[in-house]
There are 2 protein chains.
Amino acid sequence: MAVREGLLAVLSGGPRHGYQIKTDFEQATGGVWRLNVGQVYTTLDRLERDGMVTLDDSGESKVYSLTENGEQELARWWEAAPLDEAPPRDELMLKVLTALDRGRDHALRVIEAHRTVLTSLLQQRRRRMREEGPLTDSLATQIVNDALMLRAESDLRWLDQCEARLQATS
Amino acid sequence: MAVREGLLAVLSGGPRHGYQIKTDFEQATGGVWRLNVGQVYTTLDRLERDGMVTLDDSGESKVYSLTENGEQELARWWEAAPLDEAPPRDELMLKVLTALDRGRDHALRVIEAHRTVLTSLLQQRRRRMREEGPLTDSLATQIVNDALMLRAESDLRWLDQCEARLQATS
DNA sequence: ACTGCCATAGTTACTGAGTATACATACTCG
DNA sequence: CGAGTATGTATACTCAGTAACTATGGCAGT
């Protein structure tokens with residue numbers, strides 16, 4: 001349920017219609033998260049049903065606006081940190097864990113393969129960031145790239161740690 | 001599509017029935033990822049439809065086994081690193097990005113709130129890991145905890161970096 | 001012996017996330 | 001002027017995930 005709140009956030013900048021919400025959302029995320037139009041409209045339908053937005057159908061196009069409820073919901077989302085939530089299912093983690101079930105050696109191979117790819121991916125991103133980033137990228141894009149790189153670094157560190165733990169038990 | 005492959009991975013350990021697949025999967029992930037039974041069976045239905053597993057209905061309970069196709073698919077999944085994939089939608093990132101759209105100050109408040117919570121969460125996990133971990137936890141649980149802590153650290157570093165970038169543009 | 005609880009085993013119906021595609025109109029570039 | 005592209009909306013579909021139900025067998029306590 002993140003797109004839902006994302007759309008509310010866009011609408012907090014003022015009423016707009018579906019297509020515009022989509023493009024605004026994509027721009028806010030520096031273009032990394034594309035939205036399918038269909039998803040926007042169905043999500044808006046649900047938001048309307050739940051009293052978070054209202055629809056003005058009278059003009060040419062359908063214009064959505066935030067309601068009081070919607071604003072409160074949005075404010076809660078921005079403030080609230082997800083303390084108790086179950087950790088998001090992570091594909092890399094799942095791969096290693098299931099591979100581990102099939103034996104230490106298999107897990108080590110999976111770790112190695114992913115480390116190689118992740119490393120080169122990270123280097124590419126670093127280079128791109130150094131060369132073009134500061135000149136061409138918006139603040140949003142820079143922030144997104146920071147996140148992607150830090151995430152990749154953290155994944156790599158984790159792979160190393162997994163390997164260490166596996167070798168300790170051999 | 002991670003549960004799908006997760007179930008295949010469990011089945012690669014030998015034929016078993018739905019409920020057992022569920023419990024095995026949960027055990028493999030150190031108990032952090034619970035599966036709803038319904039999801040297991042519907043996913044197995046799709047896997048059967050796609051020729052990844054076969055169902056033996058003759059006995060008391062329904063026993064699923066991997067097919068050739070299923071094994072190949074699974075091997076591909078374990079080997080292949082997701083190079084070109086779109087970055088996973090991350091709730092924290094989305095919060096900060098949309099908040100940024102509503103103004104620098106708002107973004108700074110959101111960052112600050114999340115940093116506080118994340119920091120204490122991380123400390124809790126660190127303490128738990130130091131005190132109980134090595135004695136009671138399985139290898140899977142330890143590995144999962146590693147991932148959660150590294151992820152939290154990376155998120156914190158990212159929040160710091162966001163703040164720095166925001167203050168640089170003020 | 002009975003009762004209630006828990007684990008095992010499976011089914012069904014539902015919501016929500018996400019994709020593909022169809023169908024308009026309008027602008028714009030060669 | 002026509003082809004392509006941007007804007008705008010709608011609908012049908014698959015997959016992910018949850019809730020709630022049935023049913024059976026064991027076993028713990030009274």
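We name chains A, B, ... by the order of the sequence lines, and we start the count at 1 in each one.
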Using the test side chain to side chain donor-acceptor pair (under 3.5 Å), find all partners of A:Asn145 that sit at least two apart in sequence or belong to another chain. none

note: A:Glu5, atom CD; C:dG16, atom P; distance rounded to Å ~ 12 Å

Outermost contacting nts on DNA chain D, any atom under 4.0 Å from chain A heavy atoms, listed 5' then 3', are D:dT7 to D:dG17

Examine distances only and state if a side-chain atom of B:Ser154 and a backbone atom of B:Leu150 form a donor-acceptor pair shorter than 3.5 Å. no

Rounded to 10 degrees, the angle between the two terminal axes of the helix from C:dA1-D:dT30 to C:dG30-D:dC1, each from five pairs: 20°

Using heavy atoms and a sub-4.0 Å distance, could you list which residues of residues 37-46 of chain B are near DNA chain C? By number, please. B:Val37, B:Gly38, B:Tyr41

May I ask you to say whether A:Glu112 pairs ionically with A:Arg109, meaning some side-chain N is under 4.0 Å from a carboxylate O? no

Which residue pairs pass the salt bridge (Lys or Arg N to Asp or Glu O under 4.0 Å) test with at least one member in residues 138-148 of chain B, sequence neighbours excluded? A:Arg165-B:Asp146

Please check if atom CD in A:Glu71 has more than 12 non-hydrogen atoms from other residues, nucleotides or ligands closer than 6.0 Å. yes

Classify the nucleic acid contact of B:Arg49 as base, sugar-phosphate or nothing, counting any heavy atom under 4.0 Å across all strands shown. sugar-phosphate

Considering non-hydrogen atoms only, spot the tightest contact between B:Val96 and B:Cys162 and give its length. CG1-SG, 4.3 Å

Side chain of B:Asp90, backbone of B:Leu92: donor and acceptor closer than 3.5 Å? yes

Whole angstrom value for the distance that separates C1' of C:dT8 from NE2 of B:His17: 7 Å

Could you check if a side-chain atom of A:Asp101 sits within less than 4.5 angstrom of a side-chain atom of B:Phe25, using non-hydrogen atoms only? no

N/O donor-acceptor pair, side chain A:Asn36 with base C:dA17, under 3.5 angstrom: no

Less than 4.5 Å apart, side chain to side chain, heavy atoms only: is that true for B:Leu94 and A:Trp33? yes

Are side-chain heavy atoms of A:Leu35 and A:Leu7 found at a separation under 4.5 Å? yes

Counterpart residues, side-chain contact (heavy atoms from CB on, under 4.5 Å), relative to A:His17 (two or more places apart): A:Tyr19, A:Gln20, A:Ser61

Can you tell if the side chain of B:Gln72 reaches within under 4.5 Å of the side chain of B:Asn69, non-hydrogen atoms only? yes

Sequence neighbours excluded, every pair satisfying salt bridge (Lys or Arg N to Asp or Glu O under 4.0 Å) that has a member inside residues 21-33 of chain B: B:Arg16-B:Asp24, B:Lys22-B:Glu26, B:Glu26-B:Arg34

Taking the side chain from B:Trp158 and the backbone from A:Ile143, do they hold a donor-acceptor pair closer than 3.5 Å? yes

Members of residues 67-79 of chain B that approach DNA chain C, where some heavy atom sits under 4.0 Å away: none

Report yes if some heavy atom in the side chain of B:Leu8 is under 4.5 Å from a heavy atom in the side chain of B:Val53; otherwise report no. yes

Pair listing, side chain to side chain donor-acceptor pair (under 3.5 Å) test, anchored in residues 36-46 of chain A, at least two apart: none

Taking for B:Lys62 and for A:Val3 the nucleotide of DNA chain C with the nearest heavy atom, the one nearer the 5' end belongs to B:Lys62

Test your reading of the model: is there a side-chain donor-acceptor pair from A:Trp78 to the backbone of B:Ala107, 3.5 Å cut-off? no

Name every residue in residues 20-30 of chain A that has at least one heavy atom under 4.0 Å from any atom of DNA chain D, in order of residue number, or write none if there are no such residues. none

Partners of B:Arg157 by salt bridge (charged side-chain N to carboxylate O under 4.0 Å, His left out), sequence neighbours excluded? B:Glu153

Output one line per pair: protein atom, nucleotide atom from nucleotides 25-27 of chain C, and distance, for all N/O pairs under 3.5 Å.
none

